[in-house]
Each structure stands twice: as C-alpha cells, then as structure tokens.
Amino acid sequence: MKNIIKILLLLISNSTFAQFESVQDSLDYMENYGKHFDCKYEPGNVLIIQKKGKKIDPSKSWNPAKDGFAIRMEGIYDLEFSDGKRYKSGVIKNIANDSITISSTMNENTAKYEGIKYEMFKYSIKDIKIARFINDRSLGLFSKKKIDENYEVFAMKVDKAKLCPAVLTFPKRNNEVKVCHYYLTSQGYDILFETNGFLDYMQYPVNWQ
C-alpha cells in the first residue's frame, strides 16, 4: 500500500484538484484512511478474462490488452451481463470462485443523481458478456470486448486482491474529502470521483509496483 500511495502522491502533486503538501500529509493519509473507507490489501480473488491459449499476469495487467484483462475488487468497470443489464460505473464488491458482486453505480449519491436504486447484484462469472472501455469521454466513444467462447473467465487467488480507492482532500473545494475509485479505461486506470452525485475523472496514468 505504501508504494501505491507514494506513486499516487507523485501523480497528483501538481493537480488543481487535490494535493498533499508534505511527507507528514502522506503519513496522516495512511493513518486516517480507515475513517473514510474500509479497504485492506489482503489475499483474495481477482477475475481473469483472457483469450484461450493466452495468459494474463494480474501483477502486470493494469490496462485492457488484446489478450484480455483483470478485474479487481473495489475497482469500477463498465460491464454488461447475460440478462442484458449494463452497469456503467459499477463497483466490484466481491469476487468468489464462481461469481462476482457488482453495485448498481459508484455510491448512493450517484444512484440518487441517476434516478436509480443503489443496490448489489450477484452474477455467475459466466454471465459477463461485454466489457467496455472508454476512449474519448467528450465524445462518449468506447472500445468493446465481447466475452464469448474465445475467452476463458476464472478467479485467481492473489496476495493483494483489492484495488483500494484513494481518499483525497480537495483544497479548492473547501478541503472536501472524497473516496476516489479506480476506473478501467482503454488507456488504463483513471481516478473516478463524485460531486453531488455527478461522476468526474482525474486523468492521470496510474501505475503500481
């Protein structure tokens, strides 16, 4: 987790939205994280979606590739299922050996803004039919992967399963504290945050070591 925080601090140090001013700030961040969100880096499952005959390494797979991609708990993904339902900003809350649980949208505020109920849905991993990855937000352009018979989908146990959200302070918004989930786009993970129910993006490449 310390490595992730260090990288995140470097990435957002020049942001007009969020900024830590000192090493002490980062220490306070780690100490106070649990006050805002409960997430720990511990063993669990990630979901591997890969083309048959190929191999995805979840420790290196941080963007959609032609061979496939990985899905992580607490990350946000745009997924469509066999019942025709699409969750454009659903948070993956759990990954079991044969199923996943996804929220209807990011949180209760976004659900209210979108005029829907905030709830959880459980699906078999075989029910995932389409994954979309946004290319151009201003134009609403997406790339799309159909998860068909050419793909294999399975859970894999790893040491650090969750993609824990960042908890950031926005000085130019009266020091508002926001829980910012990571959202998988065509270019990799972006930071997704909510203001009065409206979802917005912090466009920085996010990498893990």
Side-chain angles (χ1 to χ4, degrees), residues 1 3-4 7-8 11 39 41-103 106 121-166 180-192 199 201-209:
M1 182 174 181
N3 285 337
I4 295 175
I7 295 168
L8 182 59
L11 290 173
C39 186
Y41 291 91
E42 55 192 6
N45 287 331
V46 297
L47 193 67
I48 304 297
I49 298 178
Q50 64 186 18
K51 283 191 174 179
K52 291 180 178 178
K54 302 297 182 179
K55 185 176 181 180
I56 297 297
D57 182 352
S59 67
K60 300 177 181 178
S61 177
W62 298 104
N63 63 306
K66 62 179 181 180
D67 293 337
F69 60 99
I71 288 178
R72 296 168 168 84
M73 287 183 282
E74 295 300 338
I76 287 183
Y77 303 86
D78 186 335
L79 300 177
E80 187 173 326
F81 293 86
S82 57
D83 62 1
K85 289 185 177 180
R86 177 184 175 187
Y87 304 93
K88 296 181 180 181
S89 53
V91 180
I92 302 299
K93 302 305 294 185
N94 188 56
I95 298 174
N97 289 333
D98 58 358
S99 66
I100 66 169
T101 301
I102 186 171
S103 64
M106 180 171 167
F121 298 93
K122 186 176 181 179
Y123 287 94
S124 165
I125 60 175
K126 296 179 181 179
D127 287 336
I128 303 172
K129 296 304 178 185
I130 297 175
R132 291 179 175 85
F133 309 101
I134 197 162
N135 291 318
D136 188 317
R137 296 182 190 85
S138 62
L139 298 177
L141 298 177
F142 291 81
S143 60
K144 181 170 70 172
K145 283 187 182 293
K146 291 185 177 181
I147 315 303
D148 54 22
E149 66 276 1
N150 296 312
Y151 284 85
E152 53 183 348
V153 183
F154 58 93
M156 178 185 290
K157 190 73 173 287
V158 296
D159 290 336
K160 296 179 180 179
K162 292 184 178 181
L163 186 55
C164 289
C180 306
H181 287 266
Y182 296 102
Y183 171 69
L184 188 57
T185 73
S186 292
Q187 295 76 36
Y189 282 97
D190 279 354
I191 294 174
L192 191 63
L199 290 175
Y201 303 84
M202 193 177 295
Q203 293 179 276
Y204 291 90
V206 179
N207 297 292
W208 286 263
Q209 295 181 349

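Note that these values count all heavy atoms, side chains included, but never hydrogens, waters or copies made by symmetry. Here the structure is a predicted model, which means the values were calculated and not measured.
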Rounded to the nearest 0.5 angstrom, the CD1-OG distance for Ile130 and Ser82 is 11.0 Å
Are the side chain of Arg72 and the backbone of Pro58 linked by a donor-acceptor contact shorter than 3.5 Å? yes
Between Ala155 and Ala96, the two heavy atoms sitting closest are CB-O, 3.5 Å
Does some side-chain heavy atom of Ile76 sit less than 4.5 Å from a side-chain heavy atom of Tyr182? no
Do Met73 and Lys162 have side chains that get closer than 4.5 Å, going by heavy atoms? yes
Begin with the C-alpha distance, continue with both residues' side-chain angles, and end with the deciding distance and a verdict on side-chain contact (heavy atoms from CB on, under 4.5 Å) for Lys51 and Asn150. CA-CA 6 Å; Lys51 283 191 174 179; Asn150 296 312; 5.5 Å; no
Check: Tyr87 and Leu79 side chains under 4.5 Å, non-hydrogen atoms: no
Do you know which two heavy atoms are closest between Ala70 and Ile48, and how far apart they sit? CB-CD1, 4.1 Å
Checking Ile100 against Ile128 for the side-chain contact (heavy atoms from CB on, under 4.5 Å) test, could you report, in this order, the C-alpha distance in whole Å, the side-chain angles of both residues, the deciding distance, and whether it holds? CA-CA 10 Å; Ile100 66 169; Ile128 303 172; 3.9 Å; yes
Would a distance-only check, ignoring hydrogens and angles, find a side-chain to backbone donor-acceptor pair under 3.5 Å from Ser103 to Val91? yes
Taking the side chain as everything from C-beta on, heavy atoms only, tell me whether Lys157 gets closer than 4.5 Å to Asn45. yes
side-chain contact (heavy atoms from CB on, under 4.5 Å) between Asp67 and Gln50, intermediate numbers included: CA-CA 6 Å; Asp67 293 337; Gln50 64 186 18; 5.8 Å; no
Is there a donor-acceptor pair under 3.5 Å between the side chain of Lys54 and the backbone N or O of Tyr151? no
How long is the straight-line distance from CH2 of Trp62 back to CG of Leu184, given to the nearest 0.5 Å? 10.5 Å
Considering all heavy atoms, the nearest Ser143-Ser186 contact: OG-OG, 3.0 Å
Once you round to the nearest 0.5 Å, how far does CZ of Phe154 lie from CG of Asn97? 12.0 Å
Interatomic spacing from CD1 in Ile71 to CD1 in Ile95 - rounded to 0.5 Å: 6.5 Å
Testing Lys145, Lys144, Arg86 for salt bridge (charged side-chain N to carboxylate O under 4.0 Å, His left out) with Asp78, which one passes? Arg86
Report the distance from atom OH of Tyr77 to atom OG1 of Thr185, rounding to the nearest 0.5 Å. 11.5 Å
In the structure I gave you, are the side-chain heavy atoms of Phe133 and Asn135 within less than 4.5 Å of one another anywhere? no
Should Tyr183 and Leu199 count as side-chain neighbours, where that means a heavy-atom distance under 4.5 Å? no
So, Lys93 and Glu74, do they make that salt bridge, N to O below 4.0 Å? yes
Side chain Lys126, main chain Val153, donor-acceptor under 3.5 Å: no
Just so I know, are the side chains of Asn63 and Gln187 near enough to count as touching, which here means a heavy-atom distance under 4.5 Å? no
Separation of Lys55 NZ from Ser61 OG (nearest 0.5 Å): 13.0 Å
Would you mind reporting whether Asp83 and Asp127 have side-chain heavy atoms less than 4.5 Å apart? no
Taking all heavy atoms of Gly53 and all of Glu152, pick out the closest pair and write down the distance. N-OE2, 4.5 Å
Quick check, are the ring centers of Phe81 and Phe121 under 6.0 angstrom apart? no
